[in-house]
Amino acid sequence: MKALTPPIPINYQAVLADLEAKRVELDSAIAAIKVLLRQTGLMAATAPVLPRISSLSEVPPNAFAGLSISRSVRRLLEMMQRRLSVAEILRGLEAGGLKRNKYRNVYSILRGREAYQADIIKVDRKWGLAEWNPEIPPRSNQIPPHELR
């Protein structure tokens with residue numbers, strides 16, 4: 001018959017010290033990720049790099065699968081790296097897999113994006129990213145933060 005070995009006592013002080021050390025490491029990692037998200041935004045931190053294209057015929061067929069029209073337009077502008085007319089945006093969205101949309105619907109979405117998120121703006125009858133024209137103040141329907149106080 002096999003002799004039973006006595007149980008090894010657990011050193012709870014050592015276990016606690018080890019867990020606290022790991023908590024410090026995790027808190028540090030969490031803080032670093034939060035800084036990254038504040039600097040780049042959630043989509044920029046998680047999204048793959050978009051391909052740069054020179055013409056609407058190069059838009060990948062499923063480039064906008066599962067995206068709203070608003071997000072699809074932003075992605076299209078990021079891929080093209082130039083301002084586009086609404087007609088060009090319509091062709092690009094369709095090439096990227098979205099169903100055909102009416103001009104007025106897409107225009108309305110663009111105006112809303114310009115007014116509320118101010119990341120897409122209209123310059124000389126074409127739409128582009130606000131970051132391309134930092135000298136143009138955003139046209140927004142939102143109350144500026146300094147006026148909320």
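- Taken from CZ in Phe64 to CD1 in Ile69, the straight-line distance is 11.5 Å, to the nearest 0.5 Å.
- Residues Ser70 and Gln117 share a closest heavy-atom pair of OG-OE1, 4.3 Å.
- Tyr12 and Leu19 fall within the same hydrophobic cluster, where Ile, Leu, Val, Met, Phe, Trp and Tyr residues are linked whenever their side-chain heavy atoms come under 4.5 Å apart, directly or through other members.
- Taking both residues in full, the closest heavy atoms of Leu90 and Tyr103 are given as CD1-CA, 3.8 Å, listed atom of the first, atom of the second, then distance.
- When side chains are defined from C-beta on, Ile109 does not count as touching Val73, because their heavy atoms never get closer than 4.5 Å.
- Side-chain atoms of Asn101 come within 3.5 Å of backbone N or O of Lys99 as a donor-acceptor pair.
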Steps toward side-chain contact (heavy atoms from CB on, under 4.5 Å) verdict (Arg111, Trp127):
CA-CA 10 Å; Arg111 292 295 300 211; Trp127 296 88; 3.6 Å; yes
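- Side chain of Ser108 to backbone of Arg104: no donor-acceptor contact under 3.5 angstrom is found.
- Nearest heavy-atom pair across Leu56 and Gly92 is CD2-CA, 3.8 Å.
- Counting heavy atoms from C-beta on, the side chains of Ser54 and Met80 never come closer than 4.5 Å.
- Heavy atoms only, all atoms of each residue included: Arg52 and Gln81 are closest at CD-CG, 3.6 Å.
- Rounding to the nearest 0.5 Å gives a distance of 4.5 Å between CD1 of Ile121 and CG of Asn133.
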Show your reasoning for whether side-chain contact (heavy atoms from CB on, under 4.5 Å) applies to Leu110 and Val86.
CA-CA 9 Å; Leu110 288 167; Val86 177; 3.9 Å; yes
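- When all heavy atoms of Leu98 and Ser72 are compared, the pair lying nearest together is CD1-OG, 3.5 Å.
- Between atom CG of residue Leu76 and atom CZ of residue Arg91 there is a gap of 10.5 Å, rounded to the nearest 0.5 Å.
- Across Ala130 and Ala118, no two heavy atoms sit closer than the pair CB-O, 3.3 Å.
- Taking CZ from Arg23 and CG from Asp18, the interatomic distance works out to 12.5 Å, rounded to the nearest 0.5 Å.
- Using modelled atom types and a 3.5 Å distance limit, the side chains of Ser55 and Ser57 yield a donor-acceptor pair.
- In this structure, the side chain of Asn62 does not engage the main chain of Ala65 through any donor-acceptor pair within 3.5 Å.
- Here the CG atom belonging to Leu84 is positioned 5.5 Å from the CD1 atom belonging to Ile89, to the nearest 0.5 angstrom.
- With respect to the salt-bridge test (charged N to carboxylate O, under 4.0 angstrom), the residues Arg74 and Glu131 qualify.
- Side-chain contact between Trp132 and Arg83: present, with at least one pair of heavy atoms (C-beta onward) separated by less than 4.5 Å.
- Here the side chain of Glu20 pairs no donor or acceptor atom with the backbone of Ala17 at under 3.5 angstrom.
- For Glu114 (side chain) and Lys122 (main-chain N/O), a donor-acceptor pair under 3.5 Å exists by modelled atom type.
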